[in-house]
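Here the structure is laid out as structure tokens; the discussion comes afterwards.
The residues of the chain are indexed from 1 along the displayed sequence. First listed ligand is number 1; within each ligand, the first listed atom is number 1.
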Amino acid sequence: MRLVLLGPPGAGKGTLAVSLKEKLNIAHISTGDILRDEIKNETPLGQEAKKYIENGELVPDTFVTRLIENRLSKGNNGLGFMLDGFPRTVHQAEDLDKILGKIKKPLDYALYLESTLPVIIERLSGRRVCRNCGRVFHVVNHPVNEKSPCCVLPDIYQRADDNEETIRKRMDVYMQSTKPIIDYYAQKGILFKLDSDKDTPELEDALLKRFNEDGKLH
Ligand code: AP5
């Protein structure tokens with residue numbers, strides 16, 4: 001199964017991907033996570049990407065497309081992959097088609113998580129992340145489990161781009177640059193819309209039902 005996850009910041013792409021990847025035995029490839037690792041490791045790419053990310057802007061297409069091409073060429077993706085946060089511009093979507101065309105592995109679905117601004121602001125301003133394992137929490141919806149040996153409070157942090165001003169900027173960028181991709185995939189007949197204000201198990205059930213009906217589950 002080859003999927004892309006689309007939707008505004010905070011729609012729940014990462015949360016859904018983490019829960020689906022085990023069930024489908026596919027790789028979860030997040031450009032946001034890859035870029036944050038580059039920043040943490042202070043690589044040249046990380047240093048370049050940091051200023052865009054912290055301003056809520058997109059990192060230039062050429063950087064991220066190269067990252068994805070390299071990652072996909074490594075294989076090691078189980079029964080497929082789920083791209084989270086890529087593509088984010090029509091140009092990236094066209095490049096992805098070219099990359100997948102070369103290896104004759106087209107996308108099965110573009111999953112679009114629809115959400116609303118109040119929900120997005122509530123989710124992102126309450127999001128917390130574990131510095132050790134990357135697990136994502138929410139101060140209300142999914143609090144840190146104090147019994148966990150890994151995710152303990154000194155290592156729980158708030159992302160630098162999760163403040164209200166940057167969230168609004170990310171939403172503007174999303175509306176301008178990323179939203180047009182929805183039509184791009186609708187025209188290809190592979191778009192599947194989900195109401196991301198629902199909880200994650202409900203979203204997952206709707207997806208698995210659809211994959212099953214389409215004969216995509218083995
Ligand atoms: P990225 O990390 O991809 O950020 P994003 O798209 O803004 O998405 P988020 O990670 O903020 O949200 P999400 O939808 O994954 O939500 P989550 O599951 O965490 O990118 C960051 C930056 O990197 C970009 O701004 C850009 O600069 C750069 N970048 C990345 N890719 C790029 C590309 N292709 N091109 C150029 N630049 C790129 O959930 C959010 C919160 O809500 C959590 O606290 C969670 O617990 C909670 N939650 C989730 N789902 C639910 C639910 N169903 N019910 C209740 N709570 C929920």
Inset, instruction - Show your reasoning for whether side-chain contact (heavy atoms from CB on, under 4.5 Å) applies to Leu35 and Val64. - result: CA-CA 9 Å; Leu35 291 167; Val64 276; 4.0 Å; yes

For [atom], what is the nearest protein heavy atom, given as residue, atom name and distance?
atom                    : value
atom 12 (O) of ligand 1 : Gly10 N, 2.9 Å
atom 29 (N) of ligand 1 : Leu35 CD1, 3.6 Å
atom 35 (N) of ligand 1 : Gln92 NE2, 2.9 Å
atom 57 (C) of ligand 1 : Arg123 NE, 3.6 Å
atom 31 (N) of ligand 1 : Thr31 OG1, 2.8 Å
atom 37 (N) of ligand 1 : Val59 N, 3.0 Å
atom 15 (O) of ligand 1 : Gly14 N, 2.9 Å
atom 44 (O) of ligand 1 : Phe137 O, 2.8 Å

Would you say [X] and ligand 1 have an N/O pair spaced under 3.5 Å apart?
X      : value
Thr15  : yes
Gly56  : no
Arg127 : yes
Asn141 : yes
Gly12  : yes
Leu203 : no
Arg128 : no
Arg159 : yes
Phe86  : no
Pro9   : no

Counting only heavy atoms not in [X] (residues, nucleotides, ligands), do more than 12 fall under 6.0 Å from its [atom1]?
X      : atom1 : value
Glu165 : CD    : no
Gln176 : CD    : no
Arg135 : CZ    : no

Ligand-side contact atoms (ligand 1) for residue partner [X], heavy atom cut-off under 4.0 Å:
X      : answer
His138 : 44 (O), 46 (O)
Gly85  : 31 (N), 32 (C), 33 (C), 34 (N)
Leu124 : 11 (O)
Val136 : 19 (O), 43 (C), 44 (O)
Thr200 : 52 (C), 53 (N)
Asp199 : 53 (N)
Glu57  : 26 (C), 27 (O)

Legend entry - Nearest neighbour of atom 1 (P) of ligand 1 from the list Arg170, Arg88, Arg135, on a heavy-atom basis: Arg88

Legend entry - From the candidates Arg36, Lys198, Lys13, His142, the one that places a heavy atom nearest atom 2 (O) of ligand 1: Arg36

Legend entry - Short N-O contact, Glu164 and Arg168, less than 4.0 angstrom: yes

Is there a path from [X] to [Y] through hydrophobic residues (I, L, V, M, F, W, Y) whose side chains come within less than 4.5 Å of each other?
X      : Y      : answer
Ile53  : Leu67  : yes
Leu16  : Met82  : yes
Tyr185 : Tyr174 : yes

Legend entry - Contact partition for Val64 relative to ligand 1, non-hydrogen atoms under 4.0 Å: side chain

Inset, instruction - Check the pair Ile181, Tyr112 against side-chain contact (heavy atoms from CB on, under 4.5 Å), reporting the backbone distance first and the verdict last. - result: CA-CA 10 Å; Ile181 306 181; Tyr112 171 33; over 6 Å; no

Legend entry - Nearest-0.5 Å distance, OG1 of residue Thr178 to CG of residue Leu6: 8.5 Å

Legend entry - Nearest-0.5 Å distance, CD1 of residue Ile34 to CD1 of residue Ile29: 6.5 Å

Legend entry - Any donor-acceptor N/O pair, Lys13 side chain to Gly7 backbone, under 3.5 Å: yes

Inset, instruction - For Glu94 and Lys98, run salt bridge (charged side-chain N to carboxylate O under 4.0 Å, His left out): C-alpha distance rounded to whole Å, both residues' side-chain angles, the deciding distance at 0.1 Å, then the answer. - result: CA-CA 6 Å; Glu94 289 166 349; Lys98 286 182 203 147; 5.8 Å; no

Inset, instruction - Consider ligand 1: state whether an atom of it lies below 4.0 angstrom from any non-hydrogen atom of Ala11. - result: yes

Inset, instruction - Take Asp195 and Glu114 through the test side-chain contact (heavy atoms from CB on, under 4.5 Å) and record every step on the way to the result. - result: CA-CA 5 Å; Asp195 173 4; Glu114 287 186 287; 5.7 Å; no

Legend entry - salt bridge (charged side-chain N to carboxylate O under 4.0 Å, His left out) partner of Asp162, the single match among Arg127, Lys169, Arg123: Arg127

Inset, instruction - Check step by step if side-chain contact (heavy atoms from CB on, under 4.5 Å) holds for Glu48 and Lys51. - result: CA-CA 6 Å; Glu48 183 64 22; Lys51 53 186 185 219; 3.4 Å; yes

Inset, instruction - State, yes or no, whether a side-chain contact exists between Val139 and Arg128 at a heavy-atom distance under 4.5 Å. - result: yes

